[in-house]
2 protein chains.
Amino acid sequence: MSQPVIQSLTRADEAFDCLQTAIVIGDLAPGEKIGEVELCSRFNLTRGPLREALGRLESRGLLVRRPHAGVKVVSVSADELIELYRIREVMEGLAARQAAERMTDEEIRDLQATLDSHEKMIEEAQGQAYYQAEGDYDFHHRIATGSRNTKLAQMLLGDLYYMVRMYRYRLSTSAGRPHMALGEHRRIVEAIAQRDGELAEFLMKRHINAARQNIEQKIQQGVLTI
Amino acid sequence: MSQPVIQSLTRADEAFDCLQTAIVIGDLAPGEKIGEVELCSRFNLTRGPLREALGRLESRGLLVRRPHAGVKVVSVSADELIELYRIREVMEGLAARQAAERMTDEEIRDLQATLDSHEKMIEEAQGQAYYQAEGDYDFHHRIATGSRNTKLAQMLLGDLYYMVRMYRYRLSTSAGRPHMALGEHRRIVEAIAQRDGELAEFLMKRHINAARQNIEQKIQQGVLTI
DNA sequence: GCATCTTGCATTGTTGACAATCCATGGTGT
DNA sequence: ACACCATGGATTGTCAACAATGCAAGATGC
């Protein structure tokens, strides 16, 4: 008998999730100053749980809080976004290497199947970059957990990705990039399937490096203002 | 006129600091289950601020919380400690590289002076590994902030170091290691002074790799049980 | 007319009481 | 005697009122 494992979500947890997604999808814009009472009415909470959630969000760096002065959503500059990608590069490189060493054969097959479905999506929904963005997230998510490195996965999934996703809805990937990214994903998985950790790390680093350059280019062209 | 910048610390901040240091120095042992009221009386707080602090600590991974069942200090296994060092390796490698590119000349001079004082300490207090441990922390701290990568510094200083320090008081570094570590530090700073980011990264990675192997060895020898 | 100080208001921080949940102990039935 | 269920106690989660602090608007002096 599998236990239900409902483990009654506490209000603070709900508040945390709500706020986090609200920030990530841009419902709460970066730099926006928000009052506690306003948030309470908006999410049907009382201030107790809300404050606990705010504390958690703050320690994760999604919002900043000055005593008696209020709380506002963090706004990362273009430079900081680039720095985020530099961090991703080394951390996900490590994740890929450890994933190559530790993922089960079944997980790898699943990953390959995932890429197949992504390919289909890209072909069918030509130009619909959204799927690719979600797919990209899915891919990196699996590698992070596949590393079997608890803290690494926690830092990637709990900290970095949320900050990156904050800006994803503005970063409509450029025309040819989804196809290219898929190819890079394919090669990474190939390396993992061959249990070649060193190669997987190298390819992953290059993959994220390319994504970073893509963004950097757009910022310089003025296409993307942050 | 430099502003006082007292910015009234809130009770929750105090609570957070108190608990964090209590956990780090081992006053609250890993795995120990702790009640809220007990903590309140121990640190002279009320439950409101305490709970907010607990939330923050939880999201940083220093303690785990099950709804209605209490909170206990996280206990990291030997394997997880090793994994922590793997993460440090890549992240601090990046920090060293960026520090080499961005630290001011003054900061570098300060860093060199710091190493000089460490050397003195090691010579004078032969065997007193504590200073070395603190010194080691100081060194890595400066490099992290010197990287000018806000998020990177935040992740290193706010997450990883605290977890590593939890176990530092047990990891009395072995006999010859302080001297060797100091030499490694020297070479890293040298590379930074020459603005050779690539070399700084390489040396830092090797430095942390050596520390990891040192711990791994001790665990295998059974000297260190976690 | 401009700057500075003061006062009032709005917002955050804190507190203690109340409600909901879990754990353990003791009882009962088989 | 063992297992299961029920009840009591303790602990956590939640709430609403109170206190403290910062911010802004208005008044006053230069």
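As a basis for the values below, the full set of heavy atoms in this structure was taken, side chains included, without hydrogen atoms, waters or symmetry mates. Chain naming here is simple, since letters A, B, ... match the order of the sequence lines and numbering starts at 1 in each. Being a predicted model, the structure only gives us computed values, none of them experimental.
In this structure A/Y162 satisfies the ring-ring contact (aromatic ring centres under 6.0 Å, His included) test with no other residue, sequence neighbours excluded.
Residues from residues 52-63 of chain A placing a heavy atom under 4.0 Å of any atom in DNA chain D do not occur.
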Protein-nucleotides 10-13 of chain C N/O pairs closer than 3.5 Å?
residue : atom : partner : partner atom : Å
C/dT12  : OP1  : A/E36   : N            : 3.3
C/dT12  : OP2  : A/E36   : N            : 3.3
C/dT12  : O3'  : A/H68   : N            : 3.4
C/dG13  : OP2  : A/E36   : OE2          : 3.3
C/dG13  : OP2  : A/R51   : NH1          : 2.3
C/dG13  : OP2  : A/R51   : NH2          : 3.2
C/dG13  : O3'  : B/T10   : OG1          : 3.3
C/dG13  : N7   : A/R47   : NH2          : 2.7
C/dG13  : O6   : A/R47   : NH1          : 3.1

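Salt bridge A/E107/A/R148: present, at least one basic N to carboxylate O contact under 4.0 Å. Contact check on A/R86 versus A/E92 returns no salt bridge, with no Lys/Arg side-chain nitrogen under 4.0 Å from an Asp/Glu carboxylate oxygen. One finds a salt bridge joining A/E36 and A/R51 here, because a Lys/Arg side-chain nitrogen approaches an Asp/Glu carboxylate oxygen to under 4.0 Å. With salt bridges taken as basic N to acidic carboxylate O contacts below 4.0 Å, one links B/D105 and B/R195. Between B/D17 and B/R56, no side-chain nitrogen of the basic residue sits less than 4.0 Å from a carboxylate oxygen of the acidic one, so the salt-bridge criterion is not met.
With 3.5 Å as the limit, one finds no donor-acceptor pair spanning the side chains of A/E201 and A/Q98.
A perpendicular orientation is assigned to the rings of B/H207 and B/H185, their planes being inclined by more than 60° (bins at 30° and 60°).
Between B/D13 atom CG and D/dT21 atom C1' the separation is 15 Å, expressed in whole Å. In this structure, the CZ atom of A/F16 is 16 Å from the P atom of D/dG13, given to the nearest Å.
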